[in-house]
Amino acid sequence: MDETRDPNAAPAGRPKGGIAARALAARGGPVAPNAADYLSGLNPEQRAAVETTEGPVLVLAGAGTGKTRVLTTRIAHILATRRAFPSQILAVTFTNKAAREMKTRIGHLVGGEVEGMPWLGTFHSIGVKILRRHAELVGLKSNFTILDTDDQIRLIKQLIQAENLDDKRWPARTFANLMDGWKNKGLTPDKIPEGDARAFANGKGRELYRAYQDRLVSLNAADFGDLLMHPIAIFQNHPDVLADYHKRFRYILVDEYQDTNVAQYLWLRLLAQHSAVRAEAGQDKVNVCCVGDDDQSIYGWRGAEVDNILRFERDFPGATVIRLERNYRSTEHILGAAAGLIANNEDRLGKTLFTDLRDPEHEKVTVNAGWDSEEEARAIGEEIEQLQRKGVKLNDMAILVRASFQMREFEDRFVTLGLNYRVIGGPRFYERQEIRDALAYFRCVCQPADDLAFERIVNTPKRGLGDAAIRLLHDYARAKGLPLIAAAADIVQGDELKPRPRAALADVVRNFERWSGLLSTMRHTDLGEMILDESGYTEMWQADRSAEAPGRLENLKELIRSMDDYESLPGFLEHIALVMDAEQNAETDAVSIMTLHSAKGLEFETVFLPGWEEGLFPHQRSLDEGGRSGLEEERRLAYVGITRGKRRVKIWFVSNRRIHGMWQSTIPSRFLDELPEEHVEVMEASASYGGYGAGGMGGYGASRWDGNAFSTSSYGTPGWRRAQASGGVGGYAGGRGRAIEYGESGVSGSDARSRAAATADKYIARDGAGGRSSGGFEEAPANGPDRSGFAGRLTDPFSANRSRGANQPPRKGGGLYSSARAGGPREIEGTLVAKSVADEPSRFSVGDRVFHIKFGGGTVALVEGNKLTVDFDRAGQKRVLEGFVEPA
DNA sequence: CGCAGAAAAGTTTTT
DNA sequence: CTTTTCTGCG
């Protein structure tokens with residue numbers, strides 16, 4: 001489809017290309033005279049990327065090389081040189097955040113008067129815009145509803161049940177994911193591979209997909225995937241429509257090109273292909289500029305194709321390729337570590353980042369070992385506090401985790417420390433139950449055919465409309481081919497329903513009729529409030545005594561408040577369906593906790609990277625499902641993580657991690673071995689020993705993390721050995737923070753509340769208050785005693801350490817090692833369970849001194865069979881199994 | 001019909 | 001360990 005283009009045209013054949021070429025030639029020299037303000041301060045490559053406006057351009061922008069700056073300046077340049085009006089530029093990003101940022105920055109560059117840029121947005125928001133204009137071409141009305149995942153799954157579940165399939169055996173969620181994959185690949189029901197179609201529900205996959213799409217049309221709805229799929233179909237089947245867009249878009253820009261999936265690629269290629277319309281307008285080449293970094297492609301799992309960026313030059317012959325390799329963000333050590341790591345990947349276009357930020361004072365990337373994830377959280381917490389004391393802002397620090405379950409431990413810890421934190425990318429504002437309920441009301445008012453929304457709220461708050469009533473309503477609606485709400489209006493006229501539910505339903509119908517009538521006359525914010533009040537929804541939460549109810553009411557208020565930014569209720573609904581992220585308030589100083597994925601594009605002074613262990617990072621599932629390319633994606637994720645740091649990057653790994661409530665032993669990540677020695681410092685001991693900051697380790701070799709003998713394993717680090725030496729049985733003379741640990745004993749009651757608040761309101765920064773009802777000993781560093789016990793008892797610590805499935809970190813005595821033998825005692829879910837010793841007389845009697853691996857030394861207060869009640873010196877009174885203590 | 005308690009299942013990353 | 005779903009009772 002690019003045949004009309006002149007393959008022999010020089011890459012920079014257009015007049016502006018000449019300037020770019022000169023700029024390139026003048027590399028390092030003074031900027032050209034009369035250069036516009038916005039161009040000054042760009043380095044030669046950046047400038048070329050900005051000024052090469054004509055023809056296809058691929059900008060390979062490494063981490064921290066000013067990618068966003070190039071994109072925004074390029075748009076500003078196009079506008080300033082009057083090459084195009086704002087409405088003639090198509091600029092696509094992946095996230096709303098990126099789109100917003102670009103808008104503001106362009107505003108700053110151009111002087112703020114560019115209100116326009118109607119075509120700057122995410123793939124999805126632009127997709128909606130296109131689809132609204134031509135909805136009828138795919139059987140929708142232009143006021144179609146956008147379904148989110150939740151609606152989607154409920155709908156699929158109905159379809160599965162309608163097919164008389166077991167929705168347990170074939171979960172709707174699985175099918176939603178499957179279908180999502182198809183849509184990411186741009187596959188319509190007739191195009192999906194036979195194997196995929198068979199894989200679900202005994203070969204009914206294709207049928208289900210088709211039924212789902214039909215149902216969406218009858219609901220006048222589109223899901224996220226459709227926002228791309230429908231426009232593609234429209235472009236393919238209606239050349240006149242496509243030609244219209246070709247005429248419109250003179251310049252196309254794409255951010256994060258490495259993350260585009262097949263559907264997005266098809267969409268883009270249709271818009272960016274050369275055409276008669278373009279030739280007529282005097283364009284001999286398409287002015288498309290894609291910016292990306294193949295080393296930061298981390299969304300392969302959701303269909304992104306790195307190939308798209310790798311084959312750009314094939315797709316757009318004669319493309320100019322510009323590499324941005326000068327990094328303005330990180331120190332030489334951070335870049336060096338990242339470079340050494342990413343060099344292990346084979347599939348790359350290859351870039352070498354360099355920086356002028358060199359200084360002997362710069363800290364190397366540190367690698368820290370910890371015993372278990374609790375210690376990791378504790379030590380990182382302390383390090384954060386210490387940096388804070390040195391004057392580093394919490395806002396400048398971030399903890400980037402591989403998987404979201406890792407966040408909890410940090411949250412717990414920070415709550416007890418009273419350290420401000422914010423979780424980014426948690427449950428999104430618009431995905432909260434109360435918000436979705438409220439929106440369902442609004443949707444019903446605006447779109448009476450929105451059955452999914454109606455179903456959601458017909459009995460919320462409780463109106464006595466149970467299964468029986470709903471089923472009757474459904475059957476009636478299906479029989480008559482009516483939307484549910486219309487069916488309800490009919491049904492309340494008859495006597496099929498019992499008086500009580502009939503009255504309730506009639507009330508609902510009457511309410512919706514009234515609200516719909518007010519839609520055109522009343523201010524939408526007032527109407528919104530009115531709906532929530534009159535429906536009893538507000539009241540429902542006011543009556544709710546649970547901990548999260550006040551927060552929910554607060555969220556509802558915020559929802560009404562945010563409606564003010566939009567002109568109408570439908571306009572508001574359109575907006576919220578797409579904008580998934582709620583704004584964070586950056587006013588409070590708080591540490592950010594987020595996944596590595598959501599950290600892309602961000603930067604922090606100090607970055608903590610916990611959990612570098614095999615199985616977690618690289619994640620087992622990526623390895624299992626993705627093989628080598630899966631591993632490479634994980635490595636890119638690690639690369640992204642490291643390159644977020646400006647001055648300090650601190651990597652952690654631990655030997656024991658609790659996954660699904662089960663303690664598992666872990667071995668250090670292979671990525672640690674790939675970090676070049678000269679940029680990395682291995683910390684002597686964990687921060688909780690107060691040992692960080694001191695020198696590195698001597699025998700720094702390839703097998704330093706994962707040798708299979710004790711001395712060469714990770715436990716062979718000097719810090720580790722010192723910890724062992726200093727931490728004799730019961731003799732742990734801990735570092736700082738102990739007073740805090742034990743001071744918390746007995747604090748209770750506030751725990752449940754603060755936890756509930758933490759879950760309900762994750763995305764809002766708050767200061768942590770309250771302790772843990774479980775008592776301070778839970779917080780006590782388990783390190784010293786554990787380690788020494790470990791080292792002293794097990795003949796083959798490493799193999800024991802590798803064992804899986806224990807419910808507690810390996811410990812001596814009744815720990816993992818002995819439970820591996822038949823009949824040994826085991827600890828299950830924190831409750832001590834004896835297997836075979838129940839009837840035997842106890843080895844202990846009241847008054848005996850005993851030692852417990854976690855609680856330390858204590859005195860036996862009571863003996864009941866094999867269960868002891870022990871007054872521990874530090875942990876207080878606890879009931880334990882005698883298998884877990886031994887005479888001291 | 002609604003609620004509360006108990007059992008069961010599920011757990012990477014998300015526009 | 002948490003969240004969701006089912007069951008049984010009021």
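Below, each value reflects all heavy atoms present in this structure, side chains not excepted, and no hydrogens, waters or symmetry copies.
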- Message: Tell me which nucleotide, if any, is Watson-Crick or G-U wobble paired with C/dC9 when both distances must be under 3.5 Å.
- Response: B/dG2
Which of the following nucleotides, [options], is nearest to the side chain of [X]?
X	options	value
A/Ser598	C/dT5, B/dG2, B/dT14	B/dT14
A/Trp301	B/dT14, B/dT12, B/dG2	B/dT14
A/Arg302	B/dT14, B/dT12, B/dG2	B/dT14
A/Lys157	B/dT14, B/dT12, C/dT5	C/dT5

May I have the distance from [X] (atom [atom1]) to [N] (atom [atom2]), rounded to whole angstrom?
X	N	atom1	atom2	result
A/Lys97	B/dT14	NZ	C1'	13 Å
A/Asn261	B/dT14	CG	P	16 Å
A/Glu411	C/dC1	CD	P	17 Å
A/Met540	B/dC3	CE	P	10 Å
A/Leu631	B/dT12	CG	C1'	15 Å
A/Arg658	B/dG10	CZ	P	22 Å

- Query: Is atom CD of A/Gln542 surrounded by more than 12 heavy atoms (other residues, nucleotides or ligands) closer than 6.0 Å?
  - Reply: yes
- Task: Give one of base, sugar-phosphate or nothing for A/Leu465, where a contact means two heavy atoms less than 4.0 Å apart.
- Result: sugar-phosphate
- May I ask you to verify if any side-chain N or O of A/Thr149 is less than 4.0 angstrom from the OP1 or OP2 atom of B/dT14? no
- Item | A/Arg132 charged N/C atom sitting above A/Phe144 aromatic ring, 6.0 Å / 45° | yes
- Message: Taking the six-membered ring of A/Tyr299 as reference, does the cationic atom of A/Arg302 (NZ for Lys, CZ for Arg) lie under 6.0 Å from its centre and within 45° of its axis?
- Response: yes
- On the 0 to 90° scale, with breaks at 30° and 60°, tag the A/Trp182-A/Tyr209 ring pair as parallel, tilted or perpendicular. parallel
- Between A/Lys462 and A/Phe123, which has a closest nucleotide on DNA chain B that is more 5'? A/Lys462
- Note on the structure: Between A/Glu633 and A/Ala469, the residue closer to the 5' end of DNA chain B by nearest nucleotide is A/Ala469
- A/His597 side chain to A/Ile298 main-chain N or O, any donor-acceptor pair under 3.5 Å? yes
- Is A/His619 stacked on the base of B/dT12, with ring centres under 5.5 Å apart and planes under 30° apart? yes
- Mind checking the P distance from B/dT11 to C/dC6? Whole angstroms is fine. 16 Å
